[in-house]
Each structure stands twice: as structure tokens, then as C-alpha cells.
Amino acid sequence: MPFRALVWGPAFLLLLPIAALALFATRASGEIFDHLAETVLAPVLWNTLRLSVCVGLASGVLALPAAWLTSYADFPGRRFFSWALALPLAVPGYIVGFVWIGVFDYAGPVPTWLREHAPLVAEHFPRVRSFGSAVVALSLSLYPYVYILARNGFGSVGASAFEAARSLGYGRARSALAVVWPAARPWIASGLALVLFETLADFGTVAVFNVDTFTTAIYRTWYSLQSLEAASQLSLLHLAIVLLVASALNRHRGRSRHADRFAGRRTPARVRLGAKGSWLAFAFLATLFAFAFLLPVAQLFYWCRENEFRGFEFSLARHLGNSLALGAATGLVVIAGALALASARRFLGSSFPESAARFATLGYGMPGTVLGVGLMVALTWCFGSLYAWPGQAVGSLLLGLSLRFFAVGYKPVASGFARLSPSLAEAARSLGRGRFATFARVDAPLLRASTISAFVLVFIDVIKEMPLTVMLKPWGWETLAVRVHQFTSEGQWVEASAPALAVIALACVPTWWMGRKGEA
Amino acid sequence: MKVSVSPLASSPQSLRVHDLHVELGGRAIVRAVDFTLEAGRIGCLVGPSGSGKTTLLRAIAGFEAATRGEIRCDDEVLASARGGLPPEARQVGIVFQDFALFPHLNVAENVGFGLFRVEPEARKRRVREMLDLVGLSAEAAKHPYELSGGQQQRVALARALAPAPRLLLLDEPFSQLDPDLRARLVESLGRILREVGITSLAVLHQQEEAFDLGDRLGVLVQGRLEQWGTPFELYHRPATRDVADFLGQGVFLPGRVVAQGLETEFGLLAGSPAYPVGSEVELLVRPDDIVHDDASPWRAKILSRSFRGSHTLFRVELASGRQVLALAPSHHDHAVGESLGLRLEMDHLVTFPRY
């Protein structure tokens, strides 16, 4: 049945670059790879692993108290923080990173001030281009994943669950442990998994801090050493590590499942914090918000002014337009694919191959550099060159981004479908409407909300995405993120501020909108 | 309230299901089902959970394929093993168990959904007519979530009837509703269906509802239609033990066929059981077959009683230790533990072979 075969389309498109990577890597000569293995492989492996562990831990340490406080406690500013703390999702790690360097590097305002007023502290001021700084920058930009999902998990616990625990003789703290933790754990685990994947895939932040990980090693092998063979060998290795982590997480998560609602809809009464507690909570959340959002935005703004807003000329508008167009186009492609796959899933019922969807959504775990190298190899093989026909480069960039973020759009669409009772579509059919009219008149209007949020999520991710866009973009065609990369790789922080501010502004609007909607 | 309903389409049509088999995921769910529902009649299908009732209904609506056999409305074949019309081409209306009202449309829009081929003026008129029919004219602009369960059911009914289908299917239409409401709703549903005069087939879980609603009744057990007939026939002359078991209350008393009738714990019962003399059989005894008679030599001990208003249902233990149910007018007041005189009074003997 051809329909069944079509279901495998997205999965097949994703498998293509992976297969090309595997074939190419195993057939290529190992000269450059041997050289790399001797010189950089060990530090790269070590950096990748310790970065993942440290960022995961730091994100949890930042996000969990914040989520607990905004979910269960009452103190001045709670309403503001509950959505504002999700905003740093709009500030990519590479922007936090270069702002951090601009502010705390030797020539930056903080060490300069310290040298003048407190020379003793200045002498012991830590070096900013370090592994530790990369961990801080990544955690500040990635903690919102854990924060948002942990809040969902905490919010899923109804008041009656608490009351049941209290009536069975559990104290306040023990009921929280006995009731909240089991309900929230799967959510928190999902958040941490997202942080891990993002860290493994991060390119921009580690590049800014000169920390060598797989992504930067792959990029340099391709860009500086001009060796697609060695790059694909490194990519294959990186992919293996990502898959290893993914399967370990999957095995862990297989045992616990998300429950939408845990004992009732009534939300538990908030704990009123005392004066001291309120101050501590406020201070903690304000500091977090300041470092993750206010500081980067303020510093970027300052640089823009210092530069007399020179970035804001015609070229910025062009790059902004490119980013918008790329984000919107990818969003549309992903939604079309997700709707097709999700309708096929409903149409085929139990005979739908779930593994087709699982394969198709694997792209989210694939680092942009790995997918970029894989696509280059695959497309060069298919067409002889990356620029064989006009528009091919933009086309492959669109394909790459769509594959990379397919899962981001598929999840909300599929869960939107799952919420529709199958009898709704059957009712329309029994009333004489064909399959397409049913989709247009019943499914589409009911799926509007989940489709819009799918589009927005993909859009944000594409605006922030750096390595895949940098690798696959046509020559002379730039987006905001590409500009940021070009300037920061030359250390031109001031020049990078305008496109960086534009990235944040673009990503902020939908993040803020979704956050408010979630709060309502 | 009398509402005239303009027939948008045809006069009622009969439904003929012939030797129908339906498989789901390789498992036979409906097997060799065969029945005819005459035009304008209301048929009810009952049976234990998982007996294939809903699958049978969905096959008639076109949501499941027939692996063998045939479904026909009058002379048109809706489905056979060679395939079938898609659901939208069958003109078969259905009221779903969850009502499946479109949440993004209001009541009038829901009812008008199937009238897309009708020009706007006529559509408006038809929607108004349908809402009058189900008594929801005042609710036309409301959204489904603003309605009570009973109102939602009536909207679903109006929506299914609006395009004047040749056949109406109802999938457990009362299961989502408050038990207190059911009796009233069964009656009003029956009234509406008869008023419209549409051929209807309902899957029901409660046998009382089937007795109230149906002109014809069928019992499905493990995908087989055990019997199809009037409710009276099925209750009083069940064709199989499963039918007897499923419909109404009752117990089976062992007996032996003799020349004059049947020899049982309650003595010799006159009649002509359909088995040769000497056969060991089981006799179906309904609570209303057992008459309270203080003069009777057959005594039984009352184990429990449940007051039913006009009658009282006693669970009693016979001398053999076997338990039976007995229905007595409720002015016969007897306490648990007392002994009760009983007599069997049966017009005909319903017997099954004893294994």
C-alpha cells in the first residue's frame, strides 16, 4: 500500500544523511583522523562529557528551586518571576557567552573597575575564557527547559493528593516528597534530557569560550582542514555518543510515565513565605533573572549605543528578513510533515508503524554539525555538488533544519490529534463529508492551537540555530545567527551586538506569548 | 407536542445484514451475523461487553470492513467482502457513545453540519425543524460544553437525523447519562424515532432500555447473533441458554423429561419439552414463574429480599440447597429466615440440554 510507504518519508529523509555519514566515514582513508585521534580526541571527549554532566547539574540546581518557589510558595514578585524566568529561553548560550566575555574579560568593565578600586581582588579574578564560564553560560540559557517542565510536573499534582498524604499521617515535607517527587520526576527527567541534548549539540557557546568539544572539532576539521572525511568520522563518533546517552535516558524514562493529572484539578494552597524567606526567594530569583536575561540584554544594548547603532542599517534588515523567512519556511515544512504523519497515524490506527514516527523525530538529538556534515556528504553524492542547481543550498538548509526540528513540531501536533475523539471525524464522515472536507472542517479548526504552538516552537529554534545554518547556508547569504558567529569568531563583540539583540527580540516575543498563555 | 417533519429524502428503508463477518487485527469480532430490520422499525442489540455489538454497528456505518457477507439497505449493497461504500456515501446516520459533538461549532451549526449540499434557506429551515423536534430551539446558539448530557444527546440525534438518512445507528446512547434520567430519555428517544419513522438500530448495554425501545431485539454473544426477534419472543422463548441468561433474571433448575412432562424439584410440570423421554435438561425459571402460595407443599427459606415497590424479589433456598428468585406482590411481607410456600406456574417450558 503506497500510503503505508509514505509514512516512512520523514524517517527516510533523516536516515539518508546518517547512512551517507556511515558509508563515507568507513570508506575514507584514516590519515587525518589518525592525526586527530592522537592530538585532539582525548580532550574533546573529556570536555564533551564533563560539559554535559556539569551543565545538567547546574541547570537542575538553578531550575528546581525556582520552579518549586513559583509553583508552591507565595512571595512578592511571584507572578512576574513565574513567566519571566522562562524568558532566557530566548537568549542562546552563544550570546550569553560573548556578553560574559565582554563584561568579565581583562579589558571588560568589571576587571577594569576592580583593578582601579580593588587590585587585590583583581589579581585573583578568574580567567573568563574557561571551561567553567562555558558551563555557566550554557546553564543560564538552558535551565528554562528544566524550569518549565518541572513547573508542569509540580502543577500536575492536585491538592487532594497532598490532603490524602497529610490525612495518612505524613508531615508537610514528607508529603511533598511522597507525592510531588514521584509525579514531577518524569517531567524533570524530560527537562534534563533536553538540556543534555542541547549541550551535546552546542556549538556557538563552546566556540566563544575556546572549549574544544566534538562540535567545534568537527567544524574545524571541515572548515580549516577542509577534510569532509575526517569530519564525517568525528561526526559518526559524536552521533554514537549521543545515541548512547539517548538510549540510556530512554531506558530510564521507560519506567515512569507522565500523568496529565495527578489526583484532581484543585491546586494546593501556596506556602506563604515569611519576611526573611520572601527576601531570600526574591534575591535568588532576581539574581538568576538578572544574569540570564537582564545582563545580556543590557550589555548588548550598551554596545549598540556605543557603536552608534551602526549595525542597524540596511544589512541588518536583510539578515533579519532572512532569519524570519527561514524560520517561517521551516515552521511550515515541519507542520505540513507533522500533520501528514499524525493524520496517517490516526487513519491507520493500530497498523501505524510507530517506529516511523520515532525515527523521524530522532533529528532533534542530532547535533547540527553532525547533521550538517551528513547532509553535505549525502547531497554531494546525489547531485555531485552542493550548488548543482540554483536554490539547492537554500533547499538543503531548509531540509536540514526541518529534519533537525521535526520532533519539536511533531510532538504538539500529535498530542493535539490524540486529544481529538476519533468519533468526531467519524461523525463528519457519517454526515456525508469526505476525508478532506473532514480534515478542513473538523480536524483543522480543532488543531489550530496545537499547530500554532508547534510553528512558534520551531520558529524560535530556527532563529537561534547556529552550526547547521553556518555550514549549509549559500555563500553570501546570512541570517542573524550567522552574523553573530562571523563577528564573535573574530572577537568583535560590539559589532555582534546588533544581530544578537535582534535574535533575542525575535525569539522573545513568542517565548513571552507562550509563557503568558501557559500562565492563563 | 406534535411536530411535522418534512421528509428531506425517502421513505424508510429496511436493513438486511447477511452472513456478516468482521475481523479486527486478525481476530474475528463479528461472525456470521444474519438479520433483517424492517423499514421504520427500531432494532436493539444487546450482549455482554466485548460481544462485538459496537463493531457490528461500525461495520454498518462503514468504519470497519466486512471480511465476508453483505450489508444492504433495501436493494442497495452498502458493504460486502469485495468492499463497500465509504461512510460519507452511505447515508447512514450515527449517534456516538460520546455524542462527538463538534466543540468548535454551536448547536445550530452542529445540526446543520451534514446539510452542506442543501441551499442556505432550506438548511436553516431544516435545522430549526430538527431543533423543534428534539425540543432545543432555545439552545441553538449555545456551544456543546454549555449543555447538559441529555441535551447533548438530543443535539447528536438532531444532527444525525438532519440529512434524512435512510438508517439511524445509535451506539450506547444512554451510557454517558445519569441513570435517573435514562428512563425518561429512553421514552423520549423512542417517541422521536417513531415520529420520524426512521429505521433505527441501537446498541444498548441495559436490557431494560432494549425492552422499552426495541420493536426487534438481538442478543450478541462472542460475535454471534444468538437470536433476533421481538422482545416478547426473546424473553419468553429464548433460543439459547446464553439468551436466557442475558435477558431478564432467572435460574436453571435441573429436570428430567418424562411422558407427561417434566419432573423437577417442584414436582411434575405438565408440558411437552422438546427432548426425548429420559433426557436430563435444565428448565429456565424466571422470578415471575414462581408464585407465592402458603398452601404449597414446596417450602423454601428466604435468604435475602429486595423491595421493588409494587413487588418484592426474594432470593430463597430450596430443600435441595439450590437458590432461586421469586417475585411476590409486596403486601406479602416475609422476613429473611422465614419459610415461604412456593409453586411453579408456567405457560410453557423453556428447557436446554444439561451437560
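Hydrogens, waters and symmetry mates play no part in the numbers below; they use all other heavy atoms, side chains included. Quick note on labels: first sequence line is chain A, next is B, and so on, each numbered from 1.
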Checklist line | Contact residues of residues 419-435 of chain A (partner chain B; heavy-atom separation under 4.5 angstrom) | finding: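 Interface residues of residues 419-435 of chain A: A:Ser421, A:Ser423, A:Leu424, A:Glu426, A:Ala427, A:Ala428, A:Arg429, A:Ser430, A:Leu431, A:Gly432, A:Arg433, A:Gly434, A:Arg435.
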Inspect the surroundings of [atom1] in [X] and state if more than 12 heavy atoms from other residues, nucleotides or ligands are less than 6.0 Å away.
X: B:Gln222; atom1: CD; result: no
X: A:Arg448; atom1: CZ; result: no
X: A:Phe12; atom1: CZ; result: no

Check: Distance from A:Arg441 atom CZ to B:Phe102 atom CZ, nearest 0.5 Å?
Finding: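 Going from CZ on A:Arg441 over to CZ on B:Phe102, the span is 11.0 Å.
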Which bit of [X] comes within less than 4.5 Å of chain A, counting heavy atoms only: side chain, backbone, both or neither?
X: B:Ala156; answer: neither
X: B:Phe63; answer: side chain
X: B:Arg159; answer: both

Next item on the list: Find the one option among B:Pro103, B:Gly114, B:Pro87 whose heavy-atom pairs under 4.5 Å with chain A are most numerous.
Entry: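 Most heavy-atom pairs within the cutoff with chain A belong to B:Pro87.
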Note to self: Heavy-atom pairs under 4.5 Å with chain A - which of B:Leu101, B:Asp98, B:Val95, B:Ile94 has more of them than the others?
What the structure shows: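 Maximum pair count with chain A is reached by B:Asp98.
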